[in-house]
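All chains are named by letter (A, B, ...) in the order of the sequence lines, taking the proteins before the strands, and each is independently numbered beginning at 1.
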There are 2 protein chains.
Amino acid sequence: MNLPIGELSRRTGVKVPTIRFYEQIGLLPSPPRTEGNQRRYGKPEVERLNFIRHSRELGFEVEDIRELLEMAASPQASCHQADSIARNHLTEIDRRIASLTALRGELNRMVEECGHGRICDCRIIEVLADHGECVTEHAH
Amino acid sequence: MNLPIGELSRRTGVKVPTIRFYEQIGLLPSPPRTEGNQRRYGKPEVERLNFIRHSRELGFEVEDIRELLEMAASPQASCHQADSIARNHLTEIDRRIASLTALRGELNRMVEECGHGRICDCRIIEVLADHGECVTEHAH
DNA sequence: CTTGATCCTCTAGTGGCTAGAGGTCCTAGA
DNA sequence: TCTAGGACCTCTAGCCACTAGAGGATCAAG
């Protein structure tokens, strides 16, 4: 286990520049280097990076992940905080789903009502302009 | 109708710096100025900005809006392109909703299984640390 | 010892704004 | 007419989470 960054990338599915970026923002600790200044990683880094990747896939923000990582490192502590982070995130997801669903409805209506004729009869443009007529553009 | 930027902002619900930003990226034409170099807007700008705001609320990207505005300006043209933009956007929204819904399921399971005890028994941390693949899709 | 894949650092760009500094203009009231 | 203070101006930098590219060094196989 003395992996160069490309191998770490392959094993975790996180792109190389992203790994370096995570190091830069302090999400991944700086690993030891070879004499020629190249990063070499061990098993703990693979695990930590997988944790990060999985959290990002679930939509947690970097600041959340920082906290979650700290918690994961102190197994005797209460998990109340982790629960709270996850619950807040769940609420946010629900909010986003609701908002997107409403949007979907409006978009769908818009598309279905489009008569495929000319712009001046197009419901899409009409809805966006939010008044009965076609919008007139002014050159600039 | 010779509105200063703050009044345009009030009438459209678009913040002042955002209006200036839209001008900078060429979404809104540069309006005439007073002798003292302050912007003055007329009715067409109010309408155009409302169009932009409404489009943004529906999640269209600036490049899409640019095209939609152009189309709106040529009322005799076919609305095929507007339809296509809107349909693509709808597909994208559907993709996002599906992805968020899957996520919601996983998060919910995670939170429900958390025993509110110590970190070392916490399902949240455990799931995040897990090497197994639960989610394959990215949360945009 | 050479080749070429991989690695390094650094800067800048992405989208769609938002914040702040430091200064000018406009307008209503005294 | 003066003045106060709110609204306006430009410019730069910051946000998030990366991504792209330049220009060069290192590593491992043959």
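The two residues A:Ile25 and A:Arg66 come nearest to each other via the heavy atoms O-NH1, 2.9 Å. Considering every non-hydrogen atom in both A:Leu69 and A:Leu27, the closest pair reads CD1-O, 4.1 Å. Residue A:Gly59 comes nearest to A:His89 through the heavy atom pair O-CE1, 3.0 Å, listed as atom of the first residue, atom of the second, then distance.
What separates CD of B:Glu61 from P of C:dC17 is a distance of 11 Å, to the nearest Å. Spacing between atom CD1 of A:Ile52 and atom P of D:dC18 amounts to 10 Å, rounded to whole angstrom units. As rounded to whole Å, 12 Å separates atom C1' of C:dC8 from atom OH of A:Tyr41. Taking atom CD of residue B:Glu23 and atom P of nucleotide C:dC17, one finds them 15 Å apart after rounding to whole Å. In this structure, CZ of A:Phe21 is placed 14 Å from C1' of D:dA20, rounded to the nearest angstrom. Straight-line distance from the CD atom of B:Glu63 to the P atom of C:dC17: 13 Å, rounded to whole Å. Taking atom CD1 of A:Ile19 as the reference point, atom P of D:dC18 lies 12 Å away to the nearest angstrom. Remark: C1' of C:dG16 and CZ of B:Arg53 are 17 Å apart, rounded to the nearest angstrom.
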inquiry  = Apply salt bridge (Lys or Arg N to Asp or Glu O under 4.0 Å) to residues A:Arg10 and A:Glu7 and explain how you reach the verdict.
reply    = CA-CA 5 Å; A:Arg10 234 161 285 125; A:Glu7 184 55 30; 2.7 Å; yes
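Taking only side-chain nitrogens and oxygens, A:Tyr22 comes nearer than 4.0 Å to OP1 or OP2 of D:dC18. A close approach under 4.0 Å does occur between a side-chain nitrogen or oxygen of B:Thr34 and OP1 or OP2 of C:dC26. Contact check, A:Thr18 against D:dT19: a side-chain N or O comes under 4.0 Å of OP1 or OP2. Side-chain nitrogen and oxygen atoms of B:Lys15 include at least one within less than 4.0 Å of the OP1 or OP2 phosphate oxygen of C:dT18.
Here CG of B:Leu28 is found 7.5 Å from CD1 of B:Ile19. Values are rounded to the nearest 0.5 Å.
Looking at the side chain of B:Pro17, the nearest of the listed nucleotides C:dT18, C:dG16, D:dA17 is C:dT18.
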When you compare the protein's N or O atoms with those of nucleotides 1-3 of chain C, which come within less than 3.5 Å of each other, and at what distance?
none

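Environment of CD in A:Glu70: sparse, with no more than 12 heavy atoms of neighbouring residues, nucleotides or ligands closer than 6.0 Å.
No side-chain heavy atom of A:Ile65 sits less than 4.5 Å from a side-chain heavy atom of B:Leu128.
A salt bridge is absent between A:Glu23 and A:Arg20: the closest approach of a Lys/Arg side-chain nitrogen to an acidic carboxylate oxygen does not fall below 4.0 angstrom. Of the charged side-chain nitrogens involved, none lies within less than 4.0 Å of a carboxylate oxygen, so that B:Glu45 and B:Arg48 do not count as a salt-bridged pair.
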ask   = Using a cut-off of 4.0 Å between protein heavy atoms and nucleotide atoms, how would you tag nucleotides 8-15 of chain D 5' to 3' with B, S and -?
value = SSB-----
